[in-house]
Amino acid sequence: MRQYDHKKIEKKWRNAWAKSGIYRSKETSRKKKAYVLDMFPYPSGEGLHVGHPKGYIATDIYSRMSRMQGKSVLHPMGWDAFGLPAENFAIKNKVHPRRAVEKNIKRFKEQLQMIGLDYDWTREINTTDPDFYKWTQWIFLKLFEKGLAYQSFEPINWCPSCQTGLANEDLEGNVCERCGTVVEKRPMRQWILRITQYAERLLQDLEFLPEWQEHIKESQRNWIGKSEGAEIDFPLTVTPEKLTVFTTRPDTLFGATYVVVAPEHEMLGKLRSRITNWTDIQRYQTEAASKNEIERTAEGKEKTGVQLQGVRAVNPATRQEIPIFVADYVLSHYGTGAIMAVPAHDERDFEFAKKFNIPVIPVIDSDGSAIPYVGAGTLMNSEEFSGMPSEVAKARITERFGQPKTTYKIRDWVFSRQRYWGEPIPIIHCDRCGIVPVPEKDLPVKLPEVKHYEPTGTGESPLAAISKWVNTTCPKCKGKAKRETNTMPQWAGSSWYYLRFMDPKNKKALVDPKKERYWAPVDLYVGGAEHATRHLIYARFWHKFLYDLGIVSTAEPFMRLISVGLIQAEDGRKMSKRFGNVINPDDIVDAYGADTLRVYEMFMGPFTDAIAWKTASLIGARRFLERVWRLQEKLVTSPDDSTERDLHKTIKKVGDDIRNFKFNTAISQMMIFVNGAEKSGITKAQYRTFIALLAPFAPHITEELWSLLGQRGSIHVSKWPQYDESKLTADTTTIVVQISGKVRTQIQAPVDSTEKEVQDAAEKAAAKWLVGKSYKKIVFVANRLINFVID
RNA sequence: GCCGGAGUGGCGUAAUGGUAGCCGCGCGCGACUCAAAAUCGCGUCCCGCAAGGGGUGAGAGUUCGAGUCUCUCCUCCGGCACCA
């Protein structure tokens, strides 16, 4: 027997597979399909570390098993290469982003190929390819056409370091997710997508995704942030004659002893001439505007505010005049930007009321609990509503004084970036015709090749400086016009790329309906949990939009979603160049082989758990493969009963475990099998069956063994083994004997022995504990245990 | 603060309400070897020579029986957070 030489074997088979094209995807009506997808990577300049391939290995195993089970498999790979990381890398290293991306992709691809993944590279896509982003632009035009893309001049988040506007989803708290800089509010012209119009469906349809992990759905629910309540008009003592507030607690209306508007509220300007302390109000507005989130939290959330003089509001329920405050604890962008304050039943209002000596009137019976009492209860001090439970009163009071209203925390998607490296927004600005979409036939609007692509910091994209590109003619009036110079955010291309894999060469339509109907939807989607409230929300939004246009056939893009648990560095921190704790997969593949790396990463622990890398433990995976290799020396001619039983158990468990993404226990079972087979020997047929089970995990060594066993063709297109139910159980089984729930001994008994038979045997075996005792009860579990309960 | 998830040997972990610690790493002893590596065998939760006893973050409960179910609390991880 030759030695197990991973280098030779792995290189040989990778070349063979590339040549034979066994992983090529085909649409065929004869087979069931499995569309297995990885969140495609951002090809950074640092290359892969060992954590990156974990998810790819898992989908690889899943897709390989699916293929062996006779399914038609689509398992593609591509590159999400527009956006800030690639651009910042390019600026830092003084190379053009396009060059940098090309180089990074080449490196990533080499690294991925070294791991032996079964991607169909003929379907490779790249979001920065004009053939691809033509369709990203096309979708934008459709959004524009349907009124879902609009221009706005509202203040938005601005990162002073990246020098671009950002979406809400691009923030971590109040810092830029990319660079950690505290963001500012900055008014500027921008393009926005009306994702809020889909908020309810994005929320509701989560119910139809039973195979999504609960925490991802929960994150999305939090992010969408639906709350149901009411809008109630509070009359003012001057014109304009009312202020509309949003509340989720209309049942506490009688306890509203003041109202608050956000500093940015438009009513303030309108009331300017009636407010006698206008300079105080203005000063407060200026202060609030200058404060960023950090400063606000640094103040310990102590409430500040100023009362409006000369204007009061009227509580519509009590008909009492109440003061109006401007305070920054009310957010302008949520609800109506104004609230009714009920200090008896809201902690923030209570704190504010104490500071400003505003009356606190309880209207919910707190049943002895301290004020503020924020729970539900029975109404009091509320005229004819007193005595009603909160839930009833909510509806009644809303009916009488306001109207039901639902609000969402999710905000429209700020979709323009003042950066070079993104898809140009296909819009033309004409002095005469206004905003004119680029005609479909003129797509793609190509990103011009330029020398200077650094951000300008002026709120203008670097594209604005390229007059040759900017100046164009208006498609409508043929007069002089200018191109939109903002580009799309990083998340644009990834919002629909999974559709492109179905038909990457298609020049005519987004997707060929025939192919779309064959592959859609994605059956299994695997990637990082950090995408829960960004990519996964954006992609669902675009998909629903395309669904409404009749372009795709399902309401949801991804049927099953599993998030990868991070592989941390050995020191327990994140693996990062910054910490100097990165393990490079190339080194591991070189020293131990790709198969060892694959088996190790899947054996580390539960797939979705974050676990620290440990090079010392890697040896276990290598030893396992060596022992599988050496089974060649343990061949026997007649099968052993217990080995045969173990084999069938292993077939069942490995199949079930791969389906459930429990790779660690699948490998554990295979190790148990090998431990047994080493002792008892193994027949050629058993060996073949076993390596077929191992093939998705360790594709190279199993392919080599397959050919050494004289098999023709690739193991990876061979038939997935079937287990025989009748071979799963042995003739005898171990039965635990308990006395009053304590394990005392165990006996061997024929499978399916009756209670009487087991009792007789057990009584003999456990005689020393049972002598002279009477049974209160006997609990018998067939094939498992018998429990004598004694006094 | 609210909402999710999780706490098991030295370490990674495993256990349809039914023998807690499978599988692997590490470690100890032994075989092979001049020696070492590799490999193989035995052992490895704690106390105890043993019989036995204790043990799954803490405390209670349900049950013949709880790592698993229920309640209270503690710790860690993740999401949201002045969202009315």
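Numbered from 1 within each chain, the chains take letters A, B, ... in sequence-line order.
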request  = Quote, to the nearest angstrom, the C1' distance that separates B/C46 from B/C34.
outcome  = 42 Å

note = Closest heavy-atom pair, A/Leu253 versus A/Asn315, reported as atoms and distance to 0.1 Å, is O-ND2, 2.9 Å

task = Go through B/G41, B/C23, B/A14 for me and flag the one nearest to the A/Asn675 side chain.
result = B/C23

query = Taking for each residue the nucleotide of RNA chain B bearing the nearest heavy atom, is the 5' side occupied by A/Gln746 or by A/Glu626?
reply = A/Gln746

query = Do A/Phe350 and A/Phe352 have their ring centres less than 6.0 Å from each other?
reply = no

inquiry  = Determine whether a donor-acceptor pair (one donor, one acceptor, N or O, separation below 3.5 Å) exists between the side chain of A/Lys409 and the base of B/C80.
reply    = no

inquiry  = Taking the minimum atom-to-atom distance to the side chain of A/Thr248, which one of B/G18, B/A84, B/A15 wins?
reply    = B/A84

query = Atom CZ of A/Arg622 and atom P of B/G24: how far apart are they, to the nearest Å?
reply = 17 Å

query = Distance check: side-chain N/O of A/Ser227 vs OP1/OP2 of B/A84, anything under 4.0 Å?
reply = yes

ask   = Any side-chain N or O of A/Arg630 less than 4.0 Å from the OP1 or OP2 oxygen of B/C40?
value = yes

ask   = Can you name the salt bridge (charged side-chain N to carboxylate O under 4.0 Å, His left out) partners of A/Asp233, sequence neighbours left out?
value = A/Lys242

ask   = Does A/Tyr334 put a side-chain nitrogen or oxygen below 4.0 Å from OP1 or OP2 of B/A84?
value = yes

inquiry  = Is any side-chain heavy atom of A/Phe697 closer than 4.5 Å to one of A/Asp595?
reply    = no

key: Minimum-distance nucleotide (side-chain atoms of A/Glu678 versus B/A84, B/C80, B/C40)   = B/C40

remark   = Side-chain atoms of A/Ala616 come closest, of B/A14, B/C64, B/C25, to B/C25

ask   = If you check every side-chain atom of A/Arg784, which of B/G41, B/A14, B/U16 has the closest atom?
value = B/U16

query = Mind checking what makes salt bridge (charged side-chain N to carboxylate O under 4.0 Å, His left out) contact with A/Lys409, not counting sequence neighbours?
reply = none

request  = State whether A/Arg623 places a side-chain N or O below 4.0 Å from either non-bridging phosphate oxygen (OP1 or OP2) of B/U39.
outcome  = yes

query = Nearest to the side chain of A/Ser668, which nucleotide is it out of B/C22, B/G4, B/A14?
reply = B/C22

request  = With A/Arg249 as reference, evaluate A/Asp346, A/Ile364, A/Ile397 under the side-chain contact (heavy atoms from CB on, under 4.5 Å) test and give the passing residue.
outcome  = A/Ile364

remark   = Counting primed atoms, P, OP1 and OP2 as sugar-phosphate and everything else as base, the B/S/- map of nucleotides 49-56 of chain B against protein heavy atoms under 4.0 Å is --SSSS--

note = The nucleotide from B/G18, B/G4, B/C82 with an atom nearest the side chain of A/Val781 is B/G18

remark   = Per atom distances to the A/Arg627 side chain, the nearest of B/C40, B/G18, B/G4 is B/C40

ask   = Among A/Gln220, A/Glu214, A/Glu218, which one satisfies side-chain contact (heavy atoms from CB on, under 4.5 Å) with A/Leu206?
value = A/Gln220

Separation of atom NE2 in A/His345 from atom C1' in B/A84, rounded to whole Å = 14 Å

task = Look at the side chain of A/Asn787 against the base of B/C64 and say whether a donor-acceptor pair falls under 3.5 Å; ignore hydrogens and angles.
result = yes

note = note: A/Leu785, atom CG; B/A66, atom P; distance rounded to Å ~ 12 Å

Side-chain N,O (A/Lys777) to OP1/OP2 (B/C64) below 4.0 Å = yes

query = Ignoring hydrogens and angles, are the base of B/G18 and the side chain of A/Gln738 linked by a donor-acceptor pair under 3.5 Å?
reply = yes

query = Picking from B/U16, B/C64, B/A14, which would you name as closest to the side chain of A/Val779?
reply = B/C64

request  = Round to a whole Å and report the spacing from CE of A/Met602 to C1' of B/C23.
outcome  = 16 Å

key: Glycosidic conformation of B/G26, taking syn as within 90° of 0 and anti otherwise   = anti

query = For RNA chain B, whose closest nucleotide is more 5', that of A/Asn222 or that of A/Met340?
reply = A/Asn222

request  = Flag yes if more than 12 heavy atoms outside A/Lys405 fall under 6.0 Å of its NZ atom; otherwise flag no.
outcome  = no

message = For A/Tyr258 and A/Phe356, I'd like to know if the aromatic rings sit close, meaning centre-to-centre distance below 6.0 Å.
response = no

request  = Compare the minimum distances between each of B/U13, B/C23, B/A84 and the side chain of A/Asn664, then state the nucleotide with the smallest one.
outcome  = B/U13

ask   = In whole angstrom, what separates A/Ile672's CD1 from B/C23's C1'?
value = 6 Å

